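In this text, all values refer to a predicted model and were calculated from it rather than measured experimentally.
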Amino acid sequence: MSLSDSFPGNFRQEFAQRNLKIGSVIRLYVRDTNPPKEKRFVLVGQSYDKLIFAAIFIAQAYISEMQIGY
């Protein structure tokens, strides 16, 4: 059971409509990493009916000094 299961469906729908916008950053716990962890996604597109979103999965939260040449 997730926290969202504690709220009525219409509340969840209204919350999503107010907050899921192109450019939004969403933190989600994902199980397809090793080990499973919280990841960030950037919403980059949506279908006309707003049922499907396209997102970029942020694979690394920081860039090390070695990668930027310091």
Side-chain angles (χ1 to χ4, degrees):
M1 182 172 160
S2 71
L3 178 62
S4 67
D5 294 332
S6 304
F7 298 97
N10 62 340
F11 176 84
R12 292 183 299 204
Q13 182 178 4
E14 290 171 8
F15 182 85
Q17 287 175 343
R18 284 192 317 271
N19 294 293
L20 293 179
K21 307 281 186 217
I22 303 302
S24 297
V25 177
I26 300 171
R27 291 186 325 202
L28 296 172
Y29 186 81
V30 295
R31 294 186 179 109
D32 59 344
T33 60
N34 189 9
K37 63 188 96 170
E38 187 176 87
K39 290 290 190 176
R40 288 170 180 78
F41 297 81
V42 179
L43 296 179
V44 295
Q46 66 187 14
S47 63
Y48 179 73
D49 56 9
K50 298 184 180 181
L51 294 177
I52 300 171
F53 284 88
I56 296 173
F57 181 94
I58 306 300
Q60 190 170 357
Y62 63 92
I63 299 173
S64 70
E65 290 179 10
M66 183 74 87
Q67 290 173 314
I68 57 175
Y70 289 111

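- Annotation: ring-ring contact (aromatic ring centres under 6.0 Å, His included) contacts involving residues 18-49, sequence neighbours excluded, comprise F41-F57.
- Using a 4.5 Å heavy-atom threshold, the side chains of R40 and I56 count as separate.
- A55 and L43 make their closest contact through CB-CD2, 4.1 Å (heavy atoms, listed as atom of the first residue, atom of the second, distance).
- Surrounding CD1 of I52 are at most 12 heavy atoms belonging to other residues, nucleotides or ligands under 6.0 Å away.
- Within the structure, no pair that satisfies the salt bridge (charged side-chain N to carboxylate O under 4.0 Å, His left out) test touches residues 13-23, not counting sequence neighbours.
- Residues passing the side-chain hydrogen bond (donor to acceptor under 3.5 Å, both in side chains) test with D49 are S47, sequence neighbours excluded.
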I26 and L20: side chain to side chain contact (heavy atoms under 4.5 Å, CB included), yes or no, with the steps?
CA-CA 9 Å; I26 300 171; L20 293 179; 3.4 Å; yes
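- Every residue two or more places apart in sequence or in another chain that forms a side chain to side chain contact (heavy atoms under 4.5 Å, CB included) with K37 is listed here: T33, P35, K39.
- Legend: residues meeting salt bridge (charged side-chain N to carboxylate O under 4.0 Å, His left out) with R27, ordered by chain and number and at least two apart, are E38.
- By the ring-ring contact (aromatic ring centres under 6.0 Å, His included) test, F53 pairs with no residue at all, sequence neighbours left out.
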